[in-house]
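Chain letters run A, B, ... following the sequence lines, proteins first, then strands; residues in each count from 1.
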Amino acid sequence: MQLFLEQLVNGIALGSLYGLFGIGFGLVFATLGILNTAHGAYASWAAIIGYFAVVWYDVSFPVAIAVGVIGGGVLAILVDQIGFQPLRNRKTGMLGALITSIAFLIILDSLAGMATNHQSWAFPSRTYPRGMLDLGFMRIPYMQLIIIGAMVFCAAGIYLLIQKTRIGAAMRAVGWNAEAASLGGVNARMVILLTAFLAGATSGLAGVLGGAATSNISYMLGEGLLLKGFAAVVVGGYDDVRGTVLAGILLGICEVFIAQYLSTTFRDGFTYILLLTFLVMRPRGIFGSGNFMRA
Amino acid sequence: MHDTPTLLQLRAVAKHFGGVAAVGGLSTTVRKGTVHGLIGPNGAGKTTVINLITGLFHPTDGEILFDGHNLEAKPPHEIAALGISRTYQNVRLFSGMSALEQVLTGCFLKRGSSLFASFAGLPAARRNWEEARAKSLLLLARVGMAGKADVLAETLSYGEQRRIEIARALGSDPKLLLLDEPTAGMNHAESQAIGQLVHELRDSGLTILMVEHNMGLVTEFCDSCTVMNFGKLLAEGTPRSCIDDPEVQAAYFGRKNDAKRIQPVG
Amino acid sequence: DPAPGQYNIGIISDDTGPLAAAGISYHRGADLAIEEINANGFAGEGVTLNLLVKDSATDAARAVQAMTQFAADRTVLATTCCIITPIAGALSPIAMNNNLPLVIYGATREGLPQEPYVTSVVALPGPQEVMMSERLASELKPKRVAYYTTGDNDIFLARAHAVKAVFEEAGAETVAEISTLANDTDFTGPATQGMGTNPDVIMVMTTQQPAVGIISALRQRGYEGLIGTSEVISPPAIYQKSGDLIEGIPFALSFQPGLSDSPEATTFIEAYQAKYNELPDVYSAQGYTAIHYIAQGMKAIDGEPTREKLAEEMWKITSIDHNLYGGQEIVNGQAQIPETLIVNWNSDGEVALWENQ
Amino acid sequence: MEAILDFWAAYSATIAFGLVNSFIALSCYAVLSAGVLSFTTVMFAAVGGFVAAQMIGMFALPPLVAFLFAGVAGGVAAAVIAVIFLRLETHWMALASLALVLITRVVVLNTPTLTGGVQGMLVPVRVSVLELFLALAVTAFVFYRMHNSWYGLVSRAVREDPSVASTMGISTYRVQFIAFLISGAVGGIGGAALATTLQFISADTYFLALAFTMIASTVLGGSFHWFGPIVGAFVFTALPTTMQAVLPEIQDVAKGVVLLVIMILLPRGLVDPRVLKLRLSRSPKTAEQPDA
Amino acid sequence: MLNVSNLSASYGAIRAVKGISLKVGQGSLCVVLGSNGAGKSTTLRSIAGLHRPVEGSITLQDREISRLKIHQVVRHGLALVPEGRMVVAPLTVEENLDLSGFAGRGSDRSDRERVYELFPRLKERRQQKAGLLSGGEQQMLAIGRALMTQPQVLVLDEPSMGLAPSIVDLVFDAIVALHKQGQSILLVEQNAAIALSVCDYGYVMRRGEIVVEGTAEMLRESPEVMKAYLS
Ligand SMILES: Nc1ncnc2c1ncn2[C@@H]1O[C@H](COP(=O)(O)OP(=O)(O)OP(=O)(O)O)[C@@H](O)[C@H]1O
Ligand SMILES: Nc1ncnc2c1ncn2[C@@H]1O[C@H](COP(=O)(O)OP(=O)(O)OP(=O)(O)O)[C@@H](O)[C@H]1O
Ligand SMILES: [Mg+2]
Ligand SMILES: [Mg+2]
């Protein structure tokens, strides 16, 4: 039983990371229409920046998180403005931006490789909470609690922002058609910057927390998150934060339990077969994003 | 007029979107070889009816009969193959295609050779292809776009795009042509030209169901007409009788319904 | 002796890409070997070697292109490469078809060397871990042993099998065989699973990144029993990263600064530290050996060296003179296991011989 | 002459991979041009690759004959996949196809008798550049014919607006099914070409890197004309080699920057039929505007 | 109020508007007539910032606006009801209207109510996604959105398109009422009869140029206009 519970929490924590990462990825996809493969690089860079802040300037863990999060956000803005902005209004559809993002993935990953000497690093012990919360019947590492908490906080915040505020409406509007939104007086450029920043920042948060929890701060950190985050977004019904988070958590739990009770060799295979079956049975994801175009 | 056979029949057709009944039990008939007007206030369900007939939506209730076939649950391409063709209220042309290619696509059903034959470039298929091209050019000329065959359709003005859509819809030699506000965005003279075209088409044997808000056009060019309101039938008959119906007056023309406004001005 | 002059050797490196950390080590080892050979005339009087570099980023297609370019360049006499088996497998036919000697310094697989052009300076995996496991089994007498391996890597699967056989032979029960994948990063699940079986010894036979991750996760979850692993945790950078988490964990290898004390090893370690400001690791030792193997073949040539002659001479070599292990046998182009050290990181951040506490 | 021979010897492998990647990119284009973004090509390539490797290993077939079998095997795989996938909508299909890539890897790793499992497989024969070129020429001709036939026209319509296309009598399902078959056959051949060029294949040969190469080549070259993917494949294949020669220190960064610059300058790819059409639009004959 | 001089606009090499000048005085209602493809929409799009003109100047209350972004133009007090409506499909009717809060021109709930008063149909549909509205409903929404920004100059591109006669009356009543209140309006309308019956001044475009201009009466009596648009 203890094993089961602990594995459940492991799954939830892992899934929260996928969800947290997926929120920004989905946000950019749903509002700006970009399938951003460079989204993983924000996570890697945020972790690396946070790491250097700790190693060079000896800052505390919360400050390292903040530095990483802001770094991720700023990076996302730069990528957007350099790479995606020139493509807007040029009838490239999703594909142009997809390749641009691949270009950034290559650039950012190789720069990150250079910055880290192509090594994997970890936050020095005792710079982050390493212990475990002992509940008697089970034990939960503090980092897992932090990850789950951060995910809940971000998911709720962004959900409310998008669905309940005028800024959120503007974000959805700009993503659909910047000109149409501007006719109502929306400054599309600002809204895009804000969206990009939020996406980069949440990805960065996932990067710093994941990097700390798994002792793996490297230029490849984001790559692992990317595939799972993408899966979470799509299964969740890609324009709904709640769906992304729920799907992410389910994914995490699936992975952990399949590895525990079946085998790791088949873990990815089983997880993705489950996912395929789910998609075939429910082709629009968990929350089934509603249609808004008509014949 | 009423002795001509029925081509299209709607029997208590309903379509609900969530709580909204866009069409709520509409029954009406369109007779062969006529121009039939479908009018009604905004949001009455006219476009939805066209979507139901073409199979883009399936009715929640009721049935649609066309030329001896029940259209129930048939996918759009099968319905098109039965001889129904349409235009869209919000112009929907294929981006990246020239005007000619748009119309050529419309000729798909009448291509006369299999996909494989055309791929293999068999002589007969080649001939068919050339015929389709010639036909498309003719259709473009017919809607007044003769010079614009090679123009990328999305660079045309709104009114011009509408004409391309009509030509495209004619490509499949349909039995029934559904026009959703064909003259929106055209001035008087241009609308008249479309009206003339509609008459010519009818005289060549085509049946036309036309959604229109331009009542001048409806009275002048429609043989019969159905008025919808809130997804239901409000009136039916000749255009004149419909317009004179007090209920229609109230629902559709609002308070200042002086007949003069309906007449072509000048 | 060969005719004096400068001769080119091609290296298909992994300076970027997923294995760059190890790849750079191999490359640096090779660079140092070249310097040493040129300074001392190890390849013959008046003979200097020059290293041409093409980075494959561990991509098979790029490696094949690089190899083809080397093959086309008649000034290239020999090549060296490869950390992973698929790339080695893809390059050996090119070496054979173009009569171009290829020395493999990282990938291992039965039957990889092919007479006379393809040779390998890494021993087949297994024996070292077997030796270590025999010692662990006899000294600790564990009852319950759990194993971690990398399910999508044939070398580590083989290592895990060999190790498991030793412990089972000694009467230890196998309580868990947990496989992870080379690209995994989260090991809380596998760690929880392993600890759930209450093992007294855990053997981690995985690739580098998972090994470090699994060990960290086990230690952070409070596992205090013995963990054994392979040389993947030997690079100093790994200690820098994980520090106390990997202290006291035994692993087996053939070269280690601080323990390897042959004259060659001492010179190499000094030169490496002077040049790169860090300590070398097993991988750089292998890169170093590969180049010396080629140089030794060169030296045996009489007259104008050709690829064919060089390959012939290299195939004849049974022992590499300049190596860092205190002896390196070669049989039919395949290196044999050199002397084995069983070591661990200690709390001073040094590698010391492992002792059972 | 000497120089040409030297160049050929050094870069024949690059050209070979350019040809191989052309197949892979064309396979991606085949479905993309019917409005389906799918990574299933990777799976088709794996099927083709291992089938070809087995055939060559068992019956010592010449590569081009093995390609035929690979093409058929890819086509069959595609038919099965299409039946499942065409139930899904676009974005979900893209994910499902990514999932399939991951599943493929697991299957390859766990069927050692067919694929060599974790050990991989040696392919005893190498295909010559000439053979590859011939095979690509034939394939390109097929695409050329398709582009200029009803299928080409209709698939473009389906890509732009499937529901409008359907009201014109075009069965989206049928068009996309055919697209999958073509993608499967060409992808299978591409996988076989890769196998006989690399001469060693394993689960990692047909994995995400191939998906990246495929999609990047297709879009970089231009996804609106069959010639685009071929151009893109060559550019994308030659890019790392070139960058390594020019800027070895920062070759990857440079490669990314070049890719970025091309996309910003020509966001619809190097080959863009739209530009041609716009030019046609402007010819004086057609620029006349109607009089009122 | 709005002053356009020597405006040219093109699409690639096609010159759609060739150096036209027009003026909308304070409180006046001007109309632009012309056949399909004459360049009317292009002119309006250029004025509203949806299309970059090649040359010419556009001033709004003596302020040059030809280089401004769309939202800046809106914030300076010019609102466009565009051809093709351009409502924001994934947003509800209400959210579409609320967006104009970003125009920073003091619109609030009461403005929304006024739009609903004008178009009760919109109120019924206020939680529906704009993309699912019928054509006419979308047109109402586009007009409502423009009104919400409380513009100094209201620019309408065929506002009656797709509207039922009763709604057309409504819209024109509203236009007349706004005009009476002193609102400056620029109108493109295919229904020349209605347009000329409400406007002060009119322009006729053909092939990107203004061929006739004058007061409403002048145009109504001009034989050329009669022939082309009113016959
Ligand atoms: N997919 C849908 N989901 C929800 N409501 C819908 C949908 N499609 C149509 N409606 C609603 O159904 C009603 C009828 O719409 P329809 O487009 O048929 O009207 P219409 O008669 O064509 O109007 P118009 O003359 O303005 O074009 C409208 O109120 C519309 O909002
Ligand atoms: N996106 C575009 N690309 C290229 N040319 C265009 C584009 N949009 C319009 N045009 C051309 O510019 C000219 C003027 O178009 P515009 O839309 O301004 O006409 P309009 O007077 O509004 O016509 P309508 O009454 O049909 O709406 C037309 O000839 C049209 O073909
Ligand atoms: Mg309608
Ligand atoms: Mg217009």
Give a yes or no on whether a salt bridge exists between A:Arg172 and E:Glu95, defined as a side-chain N under 4.0 angstrom from a carboxylate O.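 A salt bridge links A:Arg172 with E:Glu95.
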What heavy-atom pair brings [X] and [Y] nearest, and what distance separates the two atoms?
| X | Y | value |
| --- | --- | --- |
| A:Arg166 | E:Asp98 | CD-O, 3.3 Å |
| E:Leu91 | A:Ala173 | CD2-CB, 3.8 Å |
| A:Ala169 | E:Leu99 | C-CD2, 4.2 Å |

Identify which part of E:Val73 has an atom lying under 4.5 Å from any heavy atom of chain A, answering side chain, backbone, both or neither. neither
Could you check whether any side-chain heavy atom of E:Pro82 comes within less than 4.5 Å of a side-chain heavy atom of A:Leu183, counting everything from C-beta outward?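 Heavy-atom side-chain distance check passes, below 4.5 Å.
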Under the side-chain contact (heavy atoms from CB on, under 4.5 Å) criterion, do E:Val88 and A:Asn177 qualify, and how do the steps go? CA-CA 7 Å; E:Val88 182; A:Asn177 183 333; over 6 Å; no
For chain E, which residues from residues 186-198 of chain A lie under 4.5 Å away (heavy-atom distances)?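 Counting heavy atoms that sit under 4.5 Å from chain E, the residues of residues 186-198 of chain A involved are A:Val186, A:Asn187, A:Ala188.
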